[in-house]
Engineer: 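Here you go, one structure.
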Amino acid sequence: MKQDELKSISESLIETFDRAGKESIELFSKGLKITIKKDSSPVSNGDLRVDELICNKIKELTPNIPIISEETVDLNIKNKNKIFWLIDPIDGTKEYIAGKDEYTLNAALVIDSIPVLGIVGVPKKNRIFYSYSPGESYLIESGKTKKINCEKKQPKGKIVALSSVIKPSDIILNKLKEYKVNNIVKMASSYKFCVIASGEYDIYAARERANEWDYAAGHAIAQNAGAIINTLDGKPFLYGKEDYRNPSLLIRRSENLND
C-alpha cells in the first residue's frame, strides 16, 4: 500500500474518531451500562458504540481488509492474516468507567507484522494522534495539527519513565536504572505511546501483558515519530501472532534519553 493511500485512509478516520470520542463522553454523562465479559473484564455501551463507529468507517474505507477488534474477536480462531486492522475501541475501560481522562480510542493497520498506520483519540484531553509512515506522525490539539518527532520536552538531566502500575516490578525498575531514569509517572492506556512520540516523556518498559490491539495504534505513532521499540531483550516487537498476546516491551524516545 502506497504512502499517499495510507495518508488518505488515516486522515479520513479523524472525523470519525472525533465523533466517537464525543459520543463516549456523552454516554458516560448519561450513565454507562456495564457488563462483565468472559475474561472478567468490564465492557460498557460506550466501548460498543465507539467500536461500531470506528469499524463501520474502516469497512467503508478498506472493505477487503479484515478487522480484528477487542470487542468482537473470536480468540479460538488463530490470526493468519498478513494485512489486518487492530481495533481497541476504548483502551482503559476501567479508567473510562471511573470518569478519568487517560482512556483512548485506537485503530492500527498492520502490514507484514508492522503497524504502519495508527490513530489514537484521547477524548477528555481533546487530542488525536495519527501516523501513516515513518516521519509522518501528528498531533491534533485545540483545532491545530502539528508534526511530532519525539523531541525532548523534559529539562535536560530529567529522564521520566511511564508505568502502568504504581509500583513497577524489580525487573522493570532495574531496566529503567540502565537508562538513568530519575522519575516515574503512572499513566494508563496507549496514551503512554503517544506522549513519548510527542517528547513529553522518555521511556516505558513493561513485562508481557495485554494484547496486540492495546499497543498497535500507539506503536505506529511512536515508531513513526522516531521512537525505538523492542522487547526487553532487544528483539523486534512484531504483530500478527496467532494468539494476539504481547511480549515484553521497551519503548524509548531516542537512543540517548538526554538528547
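Nothing here was measured: the structure is a model prediction, and the numbers come from that model. Just the heavy atoms: all of them, side chains too, but no hydrogens, waters or symmetry mates, feed the values below.
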Engineer: Inspect the contact between Arg19 and Glu15 and indicate whether a charged nitrogen and a carboxylate oxygen are less than 4.0 angstrom apart.
Structural biologist: no
Engineer: Determine, using the 4.5 Å side-chain heavy-atom cutoff (strictly less than), whether Ile14 and Tyr138 are members of one ILVMFWY cluster.
Structural biologist: yes
Engineer: Quick one: are Phe17 and Lys57 in side-chain contact, heavy atoms under 4.5 Å?
Structural biologist: no
Engineer: Please determine if Glu26 and Lys22 form a salt bridge, counting it only when a charged side-chain N lies under 4.0 Å from a carboxylate O.
Structural biologist: no
Engineer: Work out which heavy atom in Ile97 is nearest to a heavy atom in Phe28; give both atom names and the distance.
Structural biologist: O-CE1, 3.4 Å
Engineer: Could you walk me through whether Tyr244 and Ile68 pass the side-chain contact (heavy atoms from CB on, under 4.5 Å) test, one step at a time?
Structural biologist: CA-CA 10 Å; Tyr244 305 103; Ile68 296 164; 3.7 Å; yes
Engineer: State, without any angle test, whether Ser8 and Tyr132 hold a side-chain donor-acceptor pair at a distance under 3.5 Å.
Structural biologist: no
Engineer: Determine whether a donor-acceptor pair (N or O, by modelled atom type, separation under 3.5 Å) exists between the side chain of Asn149 and the backbone of Gly135.
Structural biologist: no
Engineer: Look at the aromatic rings of Tyr96 and Tyr103 and report parallel, tilted or perpendicular, splitting at 30° and 60°.
Structural biologist: tilted
Engineer: Run the salt-bridge test on Glu255 and Arg252 with the 4.0 Å N-O cut-off and return the result as yes or no.
Structural biologist: yes
Engineer: Can we say Arg245 and Glu208 salt-bridge, meaning some charged N sits less than 4.0 Å from an Asp/Glu carboxylate O?
Structural biologist: no
Engineer: Keeping Asn182 on the side-chain end and Gly157 on the backbone end, is there a donor-acceptor pair under 3.5 Å?
Structural biologist: yes
Engineer: Do you know which two heavy atoms are closest between Ala222 and Ala197, and how far apart they sit?
Structural biologist: CA-CB, 3.7 Å
Engineer: Determine the sole option in Leu173, Leu162, Ile203, Ile166 for which the side chain to side chain contact (heavy atoms under 4.5 Å, CB included) test with Ile184 is passed.
Structural biologist: Leu173
Engineer: Quick check: does any side chain N or O of Asn106 sit under 3.5 Å from a backbone N or O of Ile87, one acting as donor and the other as acceptor?
Structural biologist: no
Engineer: Going by heavy atoms in the side chains, are Lys125 and Tyr191 under 4.5 Å from each other?
Structural biologist: yes
Engineer: Closer than 3.5 angstrom, by distance alone: can the side chain of Asn224 be matched with the main-chain N or O of Ala220 as a donor-acceptor pair?
Structural biologist: yes
Engineer: If hydrophobic clusters are built from ILVMFWY residues whose side chains come within less than 4.5 Å, do Leu75 and Leu86 share one?
Structural biologist: yes
Engineer: Check whether any side-chain N or O of Asn211 sits under 3.5 Å from a backbone N or O of Trp213 as a donor-acceptor pair, and report yes or no.
Structural biologist: no
Engineer: If I compare all heavy atoms of Ala217 with all of Ile119, which pair ends up nearest, and what's the gap?
Structural biologist: CB-O, 3.7 Å
Engineer: Answer yes or no: does atom CZ of Arg207 have more than 12 heavy-atom neighbours from other residues, nucleotides or ligands under 6.0 Å?
Structural biologist: no
Engineer: Please tell me whether Asn258 and Asn256 have a donor and an acceptor in their side chains that are separated by less than 3.5 angstrom.
Structural biologist: no
Engineer: Using side-chain heavy atoms (C-beta onward) and a distance below 4.5 Å, is Gln154 in contact with Tyr201?
Structural biologist: yes
Engineer: Could you tell me whether the side chain of Ser189 and the main chain of Glu102 form a donor-acceptor pair under 3.5 Å?
Structural biologist: yes
Engineer: Give a yes or no on whether a salt bridge exists between Glu70 and Lys37, defined as a side-chain N under 4.0 angstrom from a carboxylate O.
Structural biologist: yes
Engineer: Evaluate the side-chain contact (heavy atoms from CB on, under 4.5 Å) criterion for residues Leu249 and Ile229: first the C-alpha distance (whole Å), next the side-chain angles of each, then the deciding distance (0.1 Å), finally the verdict.
Structural biologist: CA-CA 7 Å; Leu249 172 71; Ile229 303 178; 3.6 Å; yes
Engineer: Which heavy atom in Ser69 sits nearest to a heavy atom in Asp51, and how many Å separate them?
Structural biologist: OG-OD1, 2.5 Å
Engineer: Leu176 and Ala205: which non-hydrogen atoms are nearest, and at how many Å?
Structural biologist: CD2-CB, 4.1 Å
Engineer: For the pair Arg253 (side chain) and Cys150 (backbone), establish whether a donor and an acceptor sit closer than 3.5 Å, ignoring hydrogens and angles.
Structural biologist: yes
Engineer: Taking the side chain as C-beta and beyond, is there a heavy-atom pair between Arg127 and Leu139 under 4.5 Å?
Structural biologist: yes
Engineer: Short question: side chain of Asn45, backbone of Lys33 - any donor-acceptor pair under 3.5 Å?
Structural biologist: yes
Engineer: Hey, does Met1 have a side-chain heavy atom less than 4.5 Å from the side chain of Leu109?
Structural biologist: yes
Engineer: Side chains of Tyr130 and Thr145: closer than 4.5 Å at any heavy-atom pair?
Structural biologist: yes
Engineer: Show your reasoning for whether side-chain contact (heavy atoms from CB on, under 4.5 Å) applies to Trp85 and Thr62.
Structural biologist: CA-CA 10 Å; Trp85 285 94; Thr62 58; 2.9 Å; yes
Engineer: For atom NZ of Lys78, decide whether the heavy atoms of other residues, nucleotides or ligands shown that lie under 6.0 angstrom number more than 12.
Structural biologist: no
Engineer: Indicate the atoms forming the closest heavy-atom contact of Asp88 with Asp214, along with that distance.
Structural biologist: OD2-OD1, 3.1 Å
Engineer: Indicate yes or no: at least one non-hydrogen side-chain atom of Lys241 is less than 4.5 angstrom from one of Pro247.
Structural biologist: yes
Engineer: Using only heavy-atom distances, determine whether the side chains of Asp259 and Ser254 contain a donor-acceptor pair under 3.5 Å.
Structural biologist: no
Engineer: Heavy atoms, side chains only, cut-off 4.5 Å: are Val160 and Leu257 in contact?
Structural biologist: no
Engineer: I'd like to know whether Ser164 forms a side-chain contact (heavy atoms from CB on, under 4.5 Å) with Lys192, so could you lay out the CA-CA distance, the side-chain angles of the two residues, the decisive distance to 0.1 Å, and finally the verdict.
Structural biologist: CA-CA 9 Å; Ser164 298; Lys192 294 186 286 292; 3.3 Å; yes
Engineer: So, are Asp202 and Lys152 salt-bridged, with charged N and O less than 4.0 Å apart?
Structural biologist: yes
Engineer: Between the side chain of Asn174 and the main-chain N/O of Ile171, is any donor-acceptor distance below 3.5 Å?
Structural biologist: no
Engineer: Any carboxylate oxygen within less than 4.0 angstrom of a Lys/Arg side-chain nitrogen, looking at Glu136 and Lys147?
Structural biologist: yes
Engineer: Please check if Val195 and Val181 belong to a single hydrophobic cluster, counting links between Ile, Leu, Val, Met, Phe, Trp and Tyr side chain heavy atoms closer than 4.5 Å.
Structural biologist: no
Engineer: Hey, any chance Phe237 and Ile221 share a hydrophobic cluster, counting ILVMFWY side chains that come within less than 4.5 Å of each other, even indirectly?
Structural biologist: yes
Engineer: Going only through I, L, V, M, F, W and Y residues with side-chain contacts under 4.5 Å, is there a path from Ile67 to Val73?
Structural biologist: no
Engineer: Please determine, by modelled atom types, if Glu200 and Ser198 share a side-chain donor-acceptor pair under 3.5 angstrom.
Structural biologist: yes
